[in-house]
Amino acid sequence: MKRLFKNRSFLSTFFAFILFFFVYLLSPLFYWINEGINTIFLTVKNYWNRVKSQMVNEAISIVMIDEKTLEKLGSFPISREYYKTLIESLNKWWAAVIGFDIIFADKNKDHIQSDRNFAKAIKNAWNVILWGSIITKEIWWKANRIIEKPIDILDESKFSFWYFTPILSKTWVVLSFIPTANLSDKDWAISKYNHFAISLLKAYYSRLYNKDFMEDYNKQKDPNYFYLRPDYPIPFSKTWWNEVLINYIPLPSNSSGKISNFETYSFVDVIEWKIDLKLFDWKIVLVWVTAKWIKDTFYTRNGIEYWVFVHANILNTIMKKDFSFYFNENLEWFLIFLLIITSIYFSLSPSGFIIVIANLAISGIFLVIYPIVILTFFSYIFSHLFELFLALPISIAIWNAVKYVYESNNKVKLSKALSEYVSKAIVKEILSNSWDLKLDWDTRKLAIFFSDIEGFTSISEKFSPHELVSFLRNYLSYMSNIILDNNWFINKYEWDAIMALWWAFSDNEKDSYYACLSALKQQETLKELNLNWQKVWLPKIKVRIWLHTWQAIVWNIWAVWRKIEYTALWDSVNLASRLEWVNKFYWTFICVSEDIFEENKDFFEFRYLDKIRVKWKDNAIKIYELLSEKWNLTLKKEKIRTEFEKAILVYNSRDFISAKDLFENIYKKYNDSPSKTYFERCEYFMNNKPKSNDELIWNYETK
């Protein structure tokens with residue numbers, strides 16, 4: 001368990017789960033905050049939409065029973081003769097649909113004839129939509145919702161009747177509506193009613209296309225949609241949810257003098273023809289009470305709005321197809337968890353620079369870019385946006401407290417490590433993985449690298465001491481930077497020779513991959529260096545590299561408190577050092593062991609060279625030439641490898657005469673050095689027949 005808590009990934013996951021459940025348990029407390037944040041975001045989104053295009057559908061008009069109307073026509077409720085006049089006036093100029101806010105549930109005893117005239121006007125129009133309210137009846141075994149309808153005389157006029165009831169959030173804000181509801185009448189008979197806005201739109205499209213769309217089209221359809229028409233699905237705000245979110249048009253600025261961005265007209269101006277009634281041609285006309293003292297208002301995302309504008313926004317949302325959706329709540333919680341675990345993971349870094357940059361990047365992606373992109377371009381609404389904002393500072397604050405306690409316990413160890421070790425690689429690994437500092441030994445699987453300059457002794461004789469030091473400084477600087485950039489530990493320099501180790505301080509499974517990659521980069525860099533060196537009359541430099549991976553002892557050779565050297569020893573290291581010079585027998589420049597080949601054959605191109613046995617070793621090993629990264633092999637090298645492999649098969653069959661001809665042909669055609677080695681070896685075996693396949697293993701008795 002102690003070892004697990006020293007692992008960066010385990011620590012990140014462990015503390016991420018704790019903080020995640022802490023945030024999850026507190027989430028009910030943040031409902032009101034999330035509602036406020038969503039309102040701000042949606043307001044910004046709607047203003048952005050208004051900049052991009054027209055927000056309001058022009059087919060929606062509102063006739064208001066306002067203060068001006070009541071001053072002329074009397075107090076509310078006004079005579080139903082006025083409604084009759086309104087219907088006749090609007091239909092004279094081809095209004096598509098007329099929807100009334102008023103329930104007309106009370107009989108007017110003094111004006112029975114007015115009710116009859118109003119009912120007749122509705123019957124003759126056939127485009128009037130009335131609505132009723134929903135009330136709750138308490139009976140001894142349950143509470144039942146029933147509808148309150150208009151008076152019977154209006155019912156007999158064959159009017160279209162539909163329901164509306166507000167869907168309120170926990171903050172008493174109207175956010176959504178339900179397209180249909182199963183309601184019971186006064187006799188408790190259950191009937192299915194469309195929402196008032198749905199009824200208006202069905203009637204509108206029926207008249208617009210001269211086709212009846214009043215029936216139910218939701219049978220055997222996708223349950224995540226309400227079908228206004230067979231070709232007009234209205235998506236619900238959540239999967240398996242029957243509510244549709246309302247996208248509210250922002251209110252006009254106070255300086256404009258308007259109360260809405262929708263087209264609005266005074267009731268009295270319409271019935272007295274003081275405006276051009278052609279403005280209502282094929283419009284959906286909503287008739288509503290907006291007199292301030294009647295208080296027909298609700299809370300919306302825009303604040304307090306008249307009830308009529310809630311309906312207008314519903315109609316506009318559907319007609320503009322500007323639908324919004326709740327973001328998948330499970331995915332939302334996953335994002336919160338991902339933010340926490342990512343933040344903790346980078347907070348474990350020993351580098352303050354990485355911690356700052358990583359958390360700034362996380363903040364930008366999760367808290368700014370992601371919510372804005374989702375809300376602005378994809379019409380999603382978060383349910384837990386505040387938790388997303390809260391997760392990052394909580395994770396940073398708590399983890400820093402934990403990290404402070406944890407690092408305090410290791411202060412003595414770290415101070416000692418920093419004072420005795422000068423290698424940055426060792427120090428960083430100790431800080432990041434919190435290893436116990438061992439000054440004795442350990443066994444680890446290593447990728448071992450050896451390189452030296454071909455014929456360096458002869459080359460060095462041509463230099464003055466000053467030139468030799470300058471050349472080596474230049475050469476080793478370039479080669480070392482490639483090694484260090486690929487997370488290697490340079491163990492030692494011996495003049496031109498370099499010994500480096502991978503996996504000495506980590507368990508990265510791709511370390512042998514980086515070893516191969518670095519070897520190729522060194523040879524590429526060497527080509528460029530030779531071009532520069534030859535300009536100043538330096539000889540062309542060739543470097544031989546050998547790579548091997550195996551178990552080795554890593555330990556500290558030291559004189560207590562005075563000198564420490566971190567190095568690797570064991571049989572695999574001795575083998576690697578002996579194999580480095582094998583390159584010169586095949587005139588190759590990057591030679592690798594069979595272990596390196598097996599781990600990296602999917603990432604690089606290799607050529608099988610030989611099966612050999614070195615001095616003082618009983619076991620034979622296969623060796624390969626590293627050619628290039630995968631799929632980057634030149635056509636010429638591919639042909640050489642193909643023909644070489646065919647020749648090897650003939651050689652292993654001990655047909656040395658045929659093999660010699662093949663190898664000699666490859667050498668002459670491509671100047672391929674390993675082929676020269678083999679046709680010379682074939683000549684040897686033609687005169688000294690091997691008695692077994694084991695004798696084909698070439699023994700190198702010198703180093």
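The residues of the chain are indexed from 1 along the displayed sequence.
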Is a side-chain N or O of [X] found less than 3.5 angstrom from the main chain of [Y], in a donor-acceptor match?
| X | Y | result |
| --- | --- | --- |
| T264 | S260 | no |
| S237 | E243 | yes |
| S61 | V285 | no |
| D115 | R80 | no |
| K202 | E215 | yes |
| N127 | A95 | yes |
| E332 | S383 | yes |

Salt bridge (Lys or Arg N to Asp or Glu O under 4.0 Å) involving [X] - partner list, sequence neighbours excluded:
| X | value |
| --- | --- |
| K92 | none |
| D281 | none |
| K283 | E263 |

cation_pi(K238, Y326) dist<6.0 Å, angle<=45: yes
Distance under 6.0 Å and angle within 45° of the ring axis: does R229 meet both against Y217?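 Judged by the rule (NZ or CZ under 6.0 Å from the ring centre, within 45° of its axis), R229 is not positioned above Y217.
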How would you list, by chain and number, every residue that makes a side-chain contact (heavy atoms from CB on, under 4.5 Å) with [X], sequence neighbours excluded?
| X | result |
| --- | --- |
| E71 | none |
| A312 | I60, I62, F262, L286 |
| Y299 | V173, I304 |

Side chains of [X] and [Y]: closer than 4.5 Å at any heavy-atom pair?
| X | Y | result |
| --- | --- | --- |
| T180 | F226 | yes |
| L339 | F389 | no |
| S266 | M64 | no |
| I284 | M319 | yes |
| I129 | F100 | no |
| V128 | F118 | no |

If you take all heavy atoms of I87 and A121, which pair is closest and at what distance?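 The answer is CG2-O, 4.0 Å.
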Do you know which two heavy atoms are closest between S324 and L245, and how far apart they sit? O-CD1, 3.8 Å
Verdict with supporting geometry, W288 and V310, side chain to side chain contact (heavy atoms under 4.5 Å, CB included): CA-CA 11 Å; W288 233 266; V310 175; over 6 Å; no
Can you measure from [atom1] ([X]) to [atom2] ([Y]) and round to the nearest 0.5 angstrom?
| X | Y | atom1 | atom2 | answer |
| --- | --- | --- | --- | --- |
| F30 | L388 | CZ | CG | 12.5 Å |
| I249 | D322 | CD1 | CG | 7.0 Å |
| I178 | N194 | CD1 | CG | 12.5 Å |
| F236 | F325 | CZ | CZ | 11.5 Å |
| L208 | F213 | CG | CZ | 9.0 Å |
| L201 | S199 | CG | OG | 9.0 Å |

Thinking salt bridges, do K72 and E272 make one under a 4.0 Å N-O criterion? yes
If you measure from the Lys or Arg side-chain nitrogens to the Asp or Glu carboxylate oxygens, is any gap between K68 and D66 under 4.0 Å?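 No salt bridge links K68 with D66.
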Is atom [atom1] of [X] surrounded by more than 12 heavy atoms (other residues, nucleotides or ligands) closer than 6.0 Å?
| X | atom1 | answer |
| --- | --- | --- |
| F76 | CZ | yes |
| W94 | CH2 | no |
| N210 | CG | no |

With sequence neighbours excluded, give me every salt bridge (Lys or Arg N to Asp or Glu O under 4.0 Å) pair touching residues 205-214.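 For residues 205-214: none.
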Given side chain to side chain contact (heavy atoms under 4.5 Å, CB included), test F323 with I234 step by step and report yes or no. CA-CA 8 Å; F323 301 108; I234 300 173; 3.6 Å; yes
Under the rule for ring pair (Phe, Tyr, Trp, His ring centres under 6.0 Å), what residues qualify as partners of Y225, not counting sequence neighbours?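 Ring pair (Phe, Tyr, Trp, His ring centres under 6.0 Å) list for Y225, sorted by chain: empty.
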Quick one: list whatever passes side-chain hydrogen bond (donor to acceptor under 3.5 Å, both in side chains) with [X], sequence neighbours left out.
| X | value |
| --- | --- |
| S343 | N359, S395 |
| D276 | none |
| K630 | none |
| S89 | W273 |

Look at the rings of [X] and [Y] and say which category their plane angle falls in: under 30° parallel, 30 to 60° tilted, over 60° perpendicular.
| X | Y | value |
| --- | --- | --- |
| F337 | F20 | perpendicular |
| F267 | Y83 | perpendicular |
| W307 | H311 | perpendicular |

Return yes if a side-chain donor-acceptor contact under 3.5 Å exists between [X] and [Y], otherwise no.
| X | Y | value |
| --- | --- | --- |
| E305 | T300 | yes |
| Q113 | N117 | yes |
| N247 | N313 | no |
| N34 | E387 | yes |

Ring centres of Y24 and W333 under 6.0 Å apart? yes
Report the residue from Y205, Y227, Y204 that forms a ring-ring contact (aromatic ring centres under 6.0 Å, His included) with Y232.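 Among Y205, Y227, Y204, the one that satisfies the ring-ring contact (aromatic ring centres under 6.0 Å, His included) with Y232 is Y205.
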Side chain to side chain contact (heavy atoms under 4.5 Å, CB included) between Y306 and V289, worked out: CA-CA 8 Å; Y306 291 109; V289 181; over 6 Å; no
Apply the side chain to side chain contact (heavy atoms under 4.5 Å, CB included) test between F15 and each candidate in I344, I341, I340; give the one that qualifies. I344
Could you go through the side chain to side chain contact (heavy atoms under 4.5 Å, CB included) check for T290 and I65 one step at a time? CA-CA 6 Å; T290 60; I65 302 176; 5.9 Å; no
